[in-house]
Amino acid sequence: MKKLSTVQLKQQALLFSVANKIEEQGREELHGMTKCWFDVQYHQFPSSILLRFQFVNEEALSAANPELKKWQKRLSVALLKKGVILKDMRKHLTFTLEGPDA
């Protein structure tokens, strides 16, 4: 893996801070959410950001799906506060059963 540049390290730190904050909120408010993880291609930042909320089972995922739009907006607002603008907030957060190793 290629070493990250100084700018990319700053982007990574920003994403970790936002992801940790939103993960904490998600665990408190969404029944069955186990963790939050993200993928990003730093050469396509911020358009390649994708956070995933992982759920324990299909029932928890189905119960949370009506809240997806609210959480996408929360992510967009949290990133905007850090100076990162997402053009289409719907593309950057999903709910899933799969873990980061899948």
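The chain is numbered in sequence order, starting from 1.
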> Under a 4.5 Å cut-off applied to non-hydrogen side-chain atoms, are Val77 and Met89 in contact?
Replying inline: no
> With sequence neighbours left out, what residues match Phe45 under ring pair (Phe, Tyr, Trp, His ring centres under 6.0 Å)?
Replying inline: none
> Would you say Gln72's side chain and Arg90's backbone share a donor-acceptor pair under 3.5 angstrom?
Replying inline: yes
> Roughly how far, to the nearest 0.5 Å, is NZ of Lys10 from OG of Ser5?
Replying inline: 9.5 Å
>> I need the Lys3 NZ to Gln8 CD distance, nearest 0.5 Å.
In response: 11.5 Å
> Would Phe38 end up clustered with Leu30 when hydrophobic side chains under 4.5 Å apart are linked, directly or stepwise?
Replying inline: yes
>> Test of understanding: with ring pair (Phe, Tyr, Trp, His ring centres under 6.0 Å), list the residues that count as partners of Phe53, not counting sequence neighbours.
In response: Trp71, Phe95
> Which atom pair, heavy atoms only, marks the closest approach of Gly32 to Ala60?
Replying inline: CA-CB, 3.9 Å
>> Within this structure, what is the CD-OG distance for the pair Gln41 and Ser47, rounded to the nearest 0.5 Å?
In response: 10.0 Å
>> Are the side chains of Lys35 and Arg27 in contact, using a 4.5 Å heavy-atom criterion?
In response: yes
> Do the side chains of Lys21 and Gln25 get nearer than 4.5 Å, heavy atoms only?
Replying inline: yes
> Any side-chain heavy-atom pair from Ile85 and Leu80 closer than 4.5 angstrom?
Replying inline: yes
Considering only distance and modelled atom types, tabulate donor-acceptor pairs under 3.5 Å from the side chains of residues 11-20, sequence neighbours left out.
from  : atom 1 : to    : atom 2 : distance (Å)
Ser17 : OG     : Leu14 : O      : 2.8
Asn20 : ND2    : Phe16 : O      : 3.1

> Is there side-chain contact between Pro46 and His92, with heavy atoms separated by less than 4.5 Å?
Replying inline: no
> Which distance, rounded to the nearest 0.5 Å, do you find between the CG of Leu51 and the CG of Leu79?
Replying inline: 7.5 Å
> Got a sec, which residues hit side chain to side chain contact (heavy atoms under 4.5 Å, CB included) with Glu58, two or more places apart in sequence or on another chain?
Replying inline: Leu61, Ser62, Leu97
> Roughly how far apart are Leu68 CG and Leu93 CG, rounded to 0.5 Å?
Replying inline: 6.0 Å
>> Just to verify, what does Glu59 make a salt bridge (Lys or Arg N to Asp or Glu O under 4.0 Å) with, not counting sequence neighbours?
In response: none
>> Minimum heavy-atom separation for Ile22 and Cys36, please, with both atom names.
In response: CG2-SG, 4.3 Å
>> Restricting to salt bridge (Lys or Arg N to Asp or Glu O under 4.0 Å), what partner residues turn up for Lys70, sequence neighbours left out?
In response: Glu29, Glu67
> Looking only at atom types and distance, does a side-chain atom of Thr34 sit under 3.5 Å from a main-chain N or O of Gln54, one as donor and one as acceptor?
Replying inline: yes
